[in-house]
> 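The structure follows.
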Amino acid sequence: MTLKEKIGQLFSPAAFIHDTEENYLKIESLIKKQHIGGLTFFHSRHSAAANFEKRQEKLTYENTLEKLRALIVRYQSISKQPLLMSIDAEFGLAMRIENTPQYPYAITLGALSVEHEDLVFETGYRMGKDLKQTGIHLNFAPVADINTNPKNPVIGYRSFGPNKEKVSRFALAMYQGMEKAGIGACYKHFPGHGDTDTDSHLGLPVINKTKEELISEELYPFANGIKAGSDMIMVGHLAAPALSNGKTIPASISKEIITDLLKGEMGFKGIVVSDALNMKSVSDLFPEPGQLEWEAFLAGNDLLCFSENVAAGIEMILENGTEEKILESFQKVTRLKEKLGINSDYLPKENGFDWPGHIAFNDKLPRHYITEISSQNPQTSLDLSDAKFAKVSLFQENENVFFSELDKVTSSQSIGLTSPTDPSWEKLKDFDKLLIAVFVPSAKPVNHFGMDIEMIKKLMICIENKNCQLYLFGSPLSLDEIGNFQKFSKIICAFQNFESAQKAAALHFLGKIEAEGKLD
């Protein structure tokens, strides 16, 4: 390979599964002419966070998995070197691909006690197996950010939580689980994106902490991951002036943070990969095509993710980079491909997912992560057979697994509320005791986690002076939108709306299992 071709191996541009034939051909051109080392798959241009406003065409979203597998075969067949296929699948392929196995969010797993660390490892292992049989070799996970800012707009449910010890242990467990499955994994977002209040897809977050504070908190999981032998770290688009000689510069293009701190002081010898280079926090800084890619490479990144100017970036690195640094990064990428066995085994497998095993695994998790958030009156209970008792579902119709499981014991009135003007609100006046199930529409905090805030306000008025218990099927961070915990005798978080979580919640309400989870 020529030096220019070796530079091409350092690029992993975005490949969209649902796209036009014209764009598929553009990817083929990058493979043939620029000799890119890999591709990072996304569902569609519409779903890529920083590009959603550019979407113009309307595409079908059917058969995503089949299209992905076909594209992998198509692209691999024309590449001189086997391509490193990657994806962002933090809770499994379902994060990007419909009708594929989904595992609990990191925040859900973070409610497990450390005694159940093996379940986090198994989650990583099962995710890895799913990816491998699909033809994916690298998962940009786990998130090693410590979510110490509950208002964080971009991390939240993606973090194992606010406890640095648990985040460190669980990130390593998930990493090692994927590694056991033969899949590459990646710690992110160095130096730590947890204590931020800006979405780096749209702007530049800044962490104004001292270096000592950052070492003690944000850097802690990464340092432990390095000690344990992790061989890939993604650097985020966030500024930490204390680590970059006082400069408010994205870590992803900071030589002080990548080369001096991560590779120098912390002794990291593996692959450093940039966060997506299309994100607004860095993409708007350099109008000249290729300049951003050069700055990221110069700072110390070995693998450049989601470059939108591949050809120009290659030329600028070829013109300005040293052969020593180019070969060092190239050799790292080559060794990773060898480690993952890509040179001999890189195509999708014919066998499907282990659905029975996946379902059985997901079924055993909820009893360990369901968490009692608040208990104003631990002795207070609700009787399903009481004439003054009703079950209330918010943001979902009253037909759900949670209520169906309870109705197997004693059938009682169920009320579904999906809008502030729903006439069923009037029915609440007839009951003194309410079991309220809130099915949070979104895991992301934007627009109040997808909840109609007028419905929340109306609920709080309607339950005044009533005996109410709340079961939350969604992120515990969404409870801030509800507020005033005093109005509920108990608040239980089931995290997910999985059938398994709803069944476990029913068992908990009936007193058949304990809430083992803990937010820490």
> Test your reading of the model: is there a side-chain donor-acceptor pair from Tyr346 to the backbone of Lys337, 3.5 Å cut-off?
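Side chain of Tyr346 to backbone of Lys337: no pair is present.
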> Got a sec: does the CG of Asn320 have more than 12 other heavy atoms crowding it under 6.0 Å?
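Yes, because the 6.0 Å sphere around CG of Asn320 holds more than 12 heavy atoms from other groups.
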> Determine all donor-acceptor pairs shorter than 3.5 Å in which one atom belongs to a side chain in residues 242-253; sequence neighbours excluded.
from   : atom 1 : to     : atom 2 : distance (Å)
Ser244 : OG     : Ala240 : O      : 3.4
Ser244 : OG     : Lys247 : O      : 2.7
Lys247 : NZ     : Glu256 : OE2    : 2.9
Ser252 : OG     : His237 : ND1    : 2.6

> Flag the pair Phe41 / Ile72 as yes when at least one side-chain heavy-atom distance between them is below 4.5 Å, and no otherwise.
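Side-chain contact under 4.5 Å: yes.
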> Look at the side chain of Thr108 and the backbone N and O of Pro104, then say whether any donor-acceptor pair between them is shorter than 3.5 Å.
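Answer holds: no.
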> Roughly how far, to the nearest 0.5 Å, is CD1 of Ile207 from CG of Leu238?
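With rounding to 0.5 Å, CG (Leu238) is 5.0 Å from CD1 (Ile207).
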> Taking all non-hydrogen atoms of both residues, which atom of Leu93 and which atom of Asp130 are closest, and how far apart?
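Distance-wise, the nearest heavy atoms are CD1-O, 3.9 Å.
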> Report yes if the side chains of Lys180 and Gln176 come closer than 4.5 Å at any heavy-atom pair, otherwise no.
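The answer is no, as the side chains (C-beta and beyond) never meet within the 4.5 Å cut-off.
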> In sequence, state the C-alpha distance, the side-chain angles, and the governing distance for Gln9 and Glu5, and then conclude on side chain to side chain donor-acceptor pair (under 3.5 Å).
CA-CA 7 Å; Gln9 291 292 296; Glu5 290 172 342; over 6 Å; no
> Within a radius of less than 6.0 Å around NZ of Lys518, do more than 12 heavy atoms belonging to other residues, nucleotides or ligands occur?
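Atom NZ in Lys518 is not crowded, with 12 or fewer foreign heavy atoms closer than 6.0 Å.
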> My understanding is that only residues two or more places apart in sequence, or in another chain, count here; which of them pass salt bridge (Lys or Arg N to Asp or Glu O under 4.0 Å) with Glu218?
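Salt bridge (Lys or Arg N to Asp or Glu O under 4.0 Å) list for Glu218, sorted by chain: Lys209.
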> Would you call the rings of Phe16 and Phe42 parallel, tilted or perpendicular if under 30° counts as parallel and over 60° as perpendicular?
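Tilted.
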> Would you check if Pro476 and Leu519 make a side-chain contact, meaning some heavy-atom pair closer than 4.5 Å?
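The answer is yes, as the side chains (C-beta and beyond) meet within the 4.5 Å cut-off.
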> Backbone N or O of Arg158 within a donor-acceptor pair of the Asn147 side chain at under 3.5 Å?
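Here the side-chain-to-backbone pair does not exist.
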> Can you tell me if Ser29 uses its side chain to pair, donor with acceptor, with the backbone of Leu25 under 3.5 Å?
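Side chain of Ser29 to backbone of Leu25: no pair is present.
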> Please report the interatomic distance CG(Leu327) to CG(Leu3), rounded to the nearest 0.5 Å.
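Here the rounded value is 6.0 Å.
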> Do any pairs count as a ring pair (Phe, Tyr, Trp, His ring centres under 6.0 Å) and have a residue in residues 130-168, sequence neighbours left out, and if so which ones?
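Sorted pair list: Tyr105-Tyr157, Phe160-Phe170.
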> What's the verdict on salt bridge (Lys or Arg N to Asp or Glu O under 4.0 Å) for Lys188 and Asp275, showing C-alpha distance, side-chain angles and the deciding distance?
CA-CA 9 Å; Lys188 66 183 186 185; Asp275 204 347; over 6 Å; no
> Can you name the closest pair of heavy atoms from Asp302 and Ser329 and give their distance?
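Scanning both residues, the minimum pair turns out to be OD1-OG, 2.7 Å.
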> Evaluate the criterion side-chain contact (heavy atoms from CB on, under 4.5 Å) for residue pair Ile146 and Glu217; output intermediate values, then yes/no.
CA-CA 8 Å; Ile146 304 165; Glu217 189 82 9; 3.6 Å; yes
> Looking at Gly270, is its backbone amide N or carbonyl O close enough to the side chain of Lys332 to form a donor-acceptor pair, meaning the two atoms are under 3.5 Å apart?
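Yes.
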> Answer yes or no: is there a side-chain heavy-atom contact under 4.5 Å between Tyr369 and Leu119?
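No. Closest side-chain heavy atoms not under 4.5 Å.
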> Can you confirm whether more than 12 heavy atoms, excluding those of Lys33, are under 6.0 Å from its NZ atom?
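Atom NZ in Lys33 is not crowded, with 12 or fewer foreign heavy atoms closer than 6.0 Å.
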> Please collect all side chain to side chain donor-acceptor pair (under 3.5 Å) contacts where either partner lies in residues 165-175, sequence neighbours excluded, each pair once.
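Only Glu117-Arg169, Glu165-Tyr220, Lys166-Asp520, Ser168-Asn224, Tyr175-Asp231 qualify under side chain to side chain donor-acceptor pair (under 3.5 Å).
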> Judged by atom type as modelled, is there a donor-acceptor pair below 3.5 Å linking the side chain of Arg96 to the main-chain atoms of Asp88?
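Pair found, side chain donor or acceptor close to backbone of Asp88.
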> Counting C-beta onward and ignoring hydrogens, is there a side-chain heavy-atom pair between Gln76 and Met85 closer than 4.5 Å?
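Counting from C-beta outward, Gln76 and Met85 do come under 4.5 Å.
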> Going by an N to O cut-off under 4.0 Å, is there a salt bridge joining Glu315 and Lys4?
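A salt bridge is present here (some side-chain N lies under 4.0 Å from a carboxylate O).
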> I want to check a possible cation-pi pair here: Lys444 against Phe449, using under 6.0 Å from ring centre and within 45° of the ring axis as the test.
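Cation-pi check for Lys444 and Phe449: fails.
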> Out of curiosity, Leu30 CG to Leu83 CG, how far, rounded to the nearest 0.5 Å?
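Reported value, rounded in 0.5 Å steps: 11.0 Å.
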> Atom NE2 of His193 and atom CD1 of Ile155: how far apart are they, to the nearest 0.5 Å?
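Separation between the atoms: 5.0 Å.
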> Decide yes or no on side-chain contact (heavy atoms from CB on, under 4.5 Å) for Ser44 and Asp19, but give the supporting numbers first.
CA-CA 7 Å; Ser44 58; Asp19 214 341; over 6 Å; no
> Does the side chain of Phe297 reach to within under 4.5 Å of the side chain of Ile326, using non-hydrogen atoms?
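Yes, close enough: below the 4.5 Å cut-off.
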> Please find the pair of heavy atoms, one from Phe91 and one from Met127, that lie closest to each other, and give the distance.
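In this case the closest contact between Phe91 and Met127 is C-SD, 3.5 Å.
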> Under 4.5 Å between any side-chain heavy atoms of Phe286 and Glu295, yes or no?
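Yes, their side chains come closer than 4.5 Å.
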> I'd like to know if the side chain of Asn152 pairs up with that of Thr196 as donor and acceptor (distance under 3.5 Å, no hydrogens or angles considered).
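Looking only at side-chain atoms, Thr196 and Asn152 do form a donor-acceptor pair, the distance falling under 3.5 Å.
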> Is any side-chain N of the basic residue among Lys129 and Asp354 closer than 4.0 Å to the acidic one's carboxylate O?
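A salt bridge is absent here (no side-chain N lies under 4.0 Å from a carboxylate O).
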> Does any N or O in the side chain of Ser77 come within less than 3.5 Å of the main-chain N or O of Arg74, such that one atom is a donor and the other an acceptor?
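Between the backbone of Arg74 and the side chain of Ser77 there is a qualifying donor-acceptor contact (under 3.5 Å).
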> Is the backbone of Ala296 close enough, under 3.5 Å, to the side chain of Asn301 for a donor and an acceptor to pair up by distance?
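Judged by distance alone, yes, a pair lies under 3.5 Å.
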> So, do Ile183 and Tyr125 sit near enough that their side-chain heavy atoms are less than 4.5 Å apart?
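No - every pair of side-chain heavy atoms lies 4.5 Å or more apart.
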> Quick one: do Tyr103 and His358 satisfy ring pair (Phe, Tyr, Trp, His ring centres under 6.0 Å)? Show the steps, please.
CA-CA 9 Å; Tyr103 299 87; His358 166 67; 4.8 Å; yes
> Can you establish whether the number of heavy atoms outside Lys227 located under 6.0 Å from its atom NZ is more than 12?
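Not more than 12 within 6.0 Å, no.
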> Just wondering, are more than 12 heavy atoms of other shown residues or ligands nearer than 6.0 Å to CD in Glu323?
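Not more than 12 within 6.0 Å, no.
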> Any idea which heavy atoms bring Thr40 and Cys305 closest together, and the distance?
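That would be OG1-SG, 3.8 Å.
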> Applying salt bridge (Lys or Arg N to Asp or Glu O under 4.0 Å), can you list everything that pairs with Asp284, at least two apart in sequence or on another chain?
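By the salt bridge (Lys or Arg N to Asp or Glu O under 4.0 Å) rule, Asp284 matches no residue at all.
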> Start with the C-alpha gap between Glu179 and Lys339, add the side-chain angles, then the distance that decides, and say whether salt bridge (Lys or Arg N to Asp or Glu O under 4.0 Å) holds.
CA-CA 10 Å; Glu179 198 171 48; Lys339 175 184 175 181; 3.0 Å; yes
> Thr2 and Lys6: side-chain donor and acceptor closer than 3.5 Å?
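No, Lys6 and Thr2 have no side-chain donor paired with an acceptor closer than 3.5 Å.
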> So, for Phe222 and Phe190, which heavy atoms are closest and what is the spacing to 0.1 Å?
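Taking Phe222 first and Phe190 second, the nearest heavy atoms are CZ-N, 3.5 Å.
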> Which atom names give the shortest non-hydrogen contact between Cys186 and Val273, and what distance separates them?
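Heavy atoms of Cys186 and Val273 come nearest at SG-CG1, 3.7 Å.
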> In Å and rounded to the nearest 0.5 Å, what is the CH2 to CG distance from Trp294 to Leu318?
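Trp294 atom CH2 to Leu318 atom CG measures 10.5 Å (nearest 0.5 Å).
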> Under the 3.5 angstrom rule, does the side chain of Ser307 hit a backbone N or O of Asn309 as a donor-acceptor pair?
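Looks like yes, one N/O pair under 3.5 Å.
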> Looking at CG of Leu298 and NZ of Lys255, how far apart are the two atoms once the value is rounded to the nearest 0.5 Å?
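If I round to the nearest 0.5 Å, the distance is 7.5 Å.
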> Test your reading of the model: is there a side-chain donor-acceptor pair from Thr371 to the backbone of Ile373, 3.5 Å cut-off?
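No.
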> With sequence neighbours excluded, what pairs up with Glu265 under the salt bridge (Lys or Arg N to Asp or Glu O under 4.0 Å) test?
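For Glu265 the salt bridge (Lys or Arg N to Asp or Glu O under 4.0 Å) partners, ignoring immediate neighbours, are Lys211.
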